[in-house]
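Written below as structure tokens is the structure these notes are about.
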4 protein chains.
Amino acid sequence: MNERSSPTLIPDTARAGEAAILNAALEAFGDKGFYGASMRDVARGAKTSLSNLYNYFPSKSDLLAAVLRMANDELLNRIQQAVRGAGRRQADRLSAAVRAHVGFVVDHQVASLVALSEIRYLTGAARKRVVAARDSTQGIYEELVAAGATAGEFRTPYPDDAARNIVSMVSAISTWYRPGGRLSAEELGNQHARFALALLEATPG
Amino acid sequence: MNERSSPTLIPDTARAGEAAILNAALEAFGDKGFYGASMRDVARGAKTSLSNLYNYFPSKSDLLAAVLRMANDELLNRIQQAVRGAGRRQADRLSAAVRAHVGFVVDHQVASLVALSEIRYLTGAARKRVVAARDSTQGIYEELVAAGATAGEFRTPYPDDAARNIVSMVSAISTWYRPGGRLSAEELGNQHARFALALLEATPG
Amino acid sequence: MNERSSPTLIPDTARAGEAAILNAALEAFGDKGFYGASMRDVARGAKTSLSNLYNYFPSKSDLLAAVLRMANDELLNRIQQAVRGAGRRQADRLSAAVRAHVGFVVDHQVASLVALSEIRYLTGAARKRVVAARDSTQGIYEELVAAGATAGEFRTPYPDDAARNIVSMVSAISTWYRPGGRLSAEELGNQHARFALALLEATPG
Amino acid sequence: MNERSSPTLIPDTARAGEAAILNAALEAFGDKGFYGASMRDVARGAKTSLSNLYNYFPSKSDLLAAVLRMANDELLNRIQQAVRGAGRRQADRLSAAVRAHVGFVVDHQVASLVALSEIRYLTGAARKRVVAARDSTQGIYEELVAAGATAGEFRTPYPDDAARNIVSMVSAISTWYRPGGRLSAEELGNQHARFALALLEATPG
DNA sequence: TATGAATGAGTGTTCATTCAT
DNA sequence: GATGAATGAACACTCATTCAT
């Protein structure tokens with residue numbers, strides 16, 4: 001049973017060619033960045049013509065937005081599911097969230113990296129939507145931390161800032177992680193769960 | 001005495017127009033990213049002609065490299081000086097490093113952001129040099145953490161990873177900090193020093 | 001009886017979707033010119049798909065040709081009918097022609113404008129046919145003028161050139177006319193009939 | 001002495017490459033229309049590179065605007081000079097204006113054609129300026145006609161509309177004139193001067 | 001009849017860079 | 001040290017048109 005397979009980010013509702021384009025875009029943006037990657041790169045990766053891209057996405061920006069939205073949706077799903085499946089102590093729930101988050105970053109490293117670094121190239125409504133999605137993720141952490149603080153499990157005087165730093169730490173994994181490295185994905189998850197609890201100055205369980 | 005004035009990054013040894021160009025490049029890269037900013041943007045910001053840029057820097061990449069190198073030099077200097085001026089306990093030394101680091105990020109937010117996000121667009125020798133400089137900074141933290149671990153001050157089982165996460169947290173400040181926000185620069189420094197010690201599972205001082 | 005209603009240009013023989021396409025094409029070409037308007041614009045205006053246009057017209061040029069042919073047919077019909085219904089004096093016949101011509105331009109301003117300005121973008125057989133149709137209209141004027149000159153009603157030494165200038169004047173109405181302007185359509189017709197007779201140096205009736 | 005040589009439209013103040021570009025643009029726009037002509041066509045005609053065009057004109061629209069402005073300036077100059085050099089009777093002054101106008105159209109047929117048909121592709125401030133210039137020309141005619149009407153020389157009941165039609169007739173010459181045709185430029189001028197006076201129902205001189 | 005997917009050529013424009021002065 | 005002119009390559013995007021269904 002493979003608990004952390006790497007399910008594609010692309011939802012089943014997508015049209016035929018759409019998935020190929022989205023995956024190619026993800027790869028291209030991850031490789032060269034949003035500006036550095038050209039629509040021709042994407043088309044080449046998706047094995048279609050440049051102009052055909054525009055039958056699916058009206059602009060390069062929309063393509064980026066779609067990629068980021070999908071990544072954020074999947075991340076949010078994973079974290080929420082993990083939290084729902086965890087015990088009642090907030091420390092456990094937060095640990096589960098961090099492990100799920102790390103799992104996502106490892107499974108979808110490129111998407112995580114793109115989400116971290118290319119969001120700045122969005123503008124207007126697309127940006128707002130993606131920023132909101134990102135804030136949802138952060139919001140989950142803030143709620144968990146707040147609940148834990150109320151329950152006396154976490155003693156940090158800066159709960160919100162600590163929550164943000166947890167996200168920073170986990171997100172940063174996407175910038176240096178290499179599969180087959182010193183730590184397995186699971187170890188990485190446990191490690192960062194411990195970091196998170198330490199940051200929150202959790203009372204020993 | 002103004003301990004945290006915002007000294008320019010540009011060294012006095014620079015030629016006449018060089019400083020203006022470097023500052024303009026910093027601003028442009030910060031605004032739009034390396035690819036998004038054009039040499040014309042830089043020229044406009046430096047109030048000189050496009051072609052004159054090439055009398056100072058042989059290429060756009062070299063311009064980015066110069067900016068990053070300066071930023072890293074200044075950061076390294078600040079941290080080293082802070083550590084030298086701190087007490088003998090490793091916790092104190094590390095706190096001093098973090099506070100200096102936060103001070104740099106706040107003083108040179110744009111440069112910090114550029115260093116964080118545009119390094120990927122360097123290649124070849126220039127990249128190597130900048131990466132090495134960045135690793136020097138990280139190395140300081142690793143040494144401090146290792147010394148503290150040896151001394152029994154820090155109990156984290158993951159000293160190197162914790163050191164990296166300290167850098168991640170402090171660097172991330174550049175992505176959200178706004179002057180005049182909830183916390184002053186000094187408070188931000190103290191806060192992150194506490195986060196760092198918590199992360200390291202420091203024994204109470 | 002409404003003598004100057006705005007009967008559509010599209011003949012009843014047209015297939016189902018054809019009328020919508022032709023009208024959309026007319027509007028699009030009028031708005032942005034032949035090159036400026038795209039087949040997508042036409043499809044949008046006709047509320048059908050881009051590719052469906054090609055079930056009706058084999059090319060954009062053919063679409064333009066069809067529009068222009070229809071406009072010229074209607075114009076020719078109107079003028080011929082008006083002349084047939086007029087008295088025996090050439091001045092009266094010419095006045096009737098001009099008034100009918102002005103009526104057409106006012107009723108179908110966009111079509112008139114397109115016919116005036118987009119004919120240049122036709123090539124080959126399509127162009128020949130449309131130019132011939134336009135020349136037919138001009139031919140009517142030339143005959144009327146020649147007959148009037150022979151009859152001693154018009155004294156201009158340049159009958160053909162005068163005829164062409166009558167057409168120029170009336171056609172130009174399409175470039176500036178706005179419904180609800182200073183002059184009614186009927187006044188405009190009478191006015192230009194007078195201009196035409198003046199141009200021909202007609203002997204006082 | 002060459003009274004109607006074809007002095008270039010390009011003023012002496014222009015930079016070196018500018019004249020070549022403007023002339024090439026004039027030719028290209030005349031040949032294929034504004035939309036039909038590409039910047040590559042212009043570059044080819046000006047014997048320079050595509051990108052170099054943008055060192056002189058920031059956009060294709062600006063290039064068109066520059067062409068049209070120059071044409072209108074020259075036309076206005078010619079008419080004004082002609083009127084100044086004419087006698088005191090308004091009929092004479094108007095004849096002079098028409099002859100000068102015809103001379104311009106013949107000398108700069110392409111420019112006249114472009115001014116007549118491509119003005120619609122301008123927008124914003126550029127359009128306003130060119131429209132204003134065109135209206136200046138029309139204004140001269142209106143003043144002459146009004147003065148003649150006051151003096152009892154012209155009896156038309158529609159002085160302004162007649163003035164507009166004079167412009168229409170003369171402008172239309174650009175759409176059909178071919179050098180070496182039936183009429184010389186001078187004859188064409190005299191002919192249209194006669195047409196104009198006839199249109200105005202001028203009292204016999 | 002009607003559609004969405006697909007394509008290759010072409011669009012205006014911007015790019016980093018070079019060069020003559 | 002500084003400039004404006006010049007360039008070739010690349011860019012995102014649109015075009016008219018075709019084709020399978």
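Keep in mind that what you see is a predicted model, and the values were worked out from it rather than measured. Lettering of chains follows the sequences in order, A, B, ..., and the numbering in each one begins at 1.
- With sequence neighbours excluded, no residue satisfies salt bridge (charged side-chain N to carboxylate O under 4.0 Å, His left out) with B:Lys128.
- Listed by residue number, the members of residues 33-52 of chain A with any heavy atom below 4.0 angstrom from DNA chain E are A:Arg40, A:Thr48, A:Ser49, A:Ser51, A:Asn52.
- Across the protein-nucleic acid pair, D:Asn55 atom CG and E:dT14 atom C1' stand 11 Å apart, rounded to whole Å.
- Residue C:Tyr56 is in sugar-phosphate contact alone, with no base atom involved, counting any heavy-atom pair closer than 4.0 Å across all strands shown.
- A:Ala46 approaches A:Ile21 most closely through the heavy-atom pair CB-CA, 3.8 Å.
- Under the rule for a side chain to side chain donor-acceptor pair (under 3.5 Å), C:Ser51 has no partner lying at least two apart in sequence or in another chain.
- Among all heavy-atom pairs drawn from B:Ser59 and B:Asp62, the shortest one is OG-OD2, 2.7 Å.
- By the side chain to side chain contact (heavy atoms under 4.5 Å, CB included) test, D:Val130 pairs with D:Leu68, D:Asn72, D:Ile119, D:Leu122, sequence neighbours left out.
- By the side chain to side chain donor-acceptor pair (under 3.5 Å) test, C:Glu27 pairs with no residue at all, sequence neighbours left out.
- Using a 4.0 Å cut-off between charged side-chain N and carboxylate O, D:Glu118 and D:Arg127 make no salt bridge.
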Item to check | For DNA chain E, the dot-bracket pattern of Watson-Crick and G-U pairs whose distances stay under 3.5 Å, | for other-strand partners | outcome: .||||||||||||||||||||
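- Shown here for C:Leu9 and C:Ala71, the closest heavy-atom pair between the two residues is CD2-CA, 4.1 Å.
- Under the side chain to side chain donor-acceptor pair (under 3.5 Å) criterion, B:Asn52 pairs with B:Thr48, B:Asn55, not counting sequence neighbours.
- Annotation: the span from A:Leu53 atom CG to A:Glu18 atom CD amounts to 11.5 Å, rounded to 0.5 Å.
- Here the range on DNA chain F touched by chain C, meaning any atom under 4.0 Å from one of its heavy atoms, is F:dC15 to F:dC19.
- Taking every heavy atom of both residues into account, D:Ala37 and D:Lys32 meet most closely at N-CB, 3.7 Å.
- Sorted by first then second residue, the ring pair (Phe, Tyr, Trp, His ring centres under 6.0 Å) pairs that include residues 17-43 of chain B, not counting sequence neighbours, are B:Phe29-B:Phe34, B:Phe34-B:Tyr121, B:Tyr35-B:Tyr121.
- Per the geometry, OH belonging to A:Tyr54 stands 19 Å off C1' belonging to E:dG4, to the nearest Å.
- For C:Arg129, the side chain to side chain donor-acceptor pair (under 3.5 Å) criterion is met by no residue, not counting sequence neighbours.
- Using a distance-only test at 3.5 Å, with no hydrogens or angles considered, no donor-acceptor pair links the side chain of D:Asp73 to the main chain of D:Met70.
- The stretch residues 118-130 of chain D has no heavy atom under 4.0 Å from DNA chain E, so no residue of it qualifies as close.
- Scanning residues 24-32 of chain B for heavy-atom distances under 4.0 Å to DNA chain E yields an empty list.
- Scanning both residues, D:Ala25 and D:Val67, for their nearest heavy atoms gives CB-CG2, 4.1 Å.
- Distance D:Leu63 CG to E:dT11 P: 15 Å, rounded to the nearest Å.
- Comparing D:Ile21 and C:Ser59 by the nucleotide of DNA chain F that holds the closest heavy atom to each, the one mapping nearer the 5' end is D:Ile21.
- Of all heavy-atom pairs spanning C:Ser112 and C:Ser174, the tightest one is CB-CB, 3.7 Å.
- Along DNA chain E, the nucleotide nearest to A:Gly17 and the one nearest to D:Lys60 differ in position, and the one closer to the 5' end is contacted by A:Gly17.
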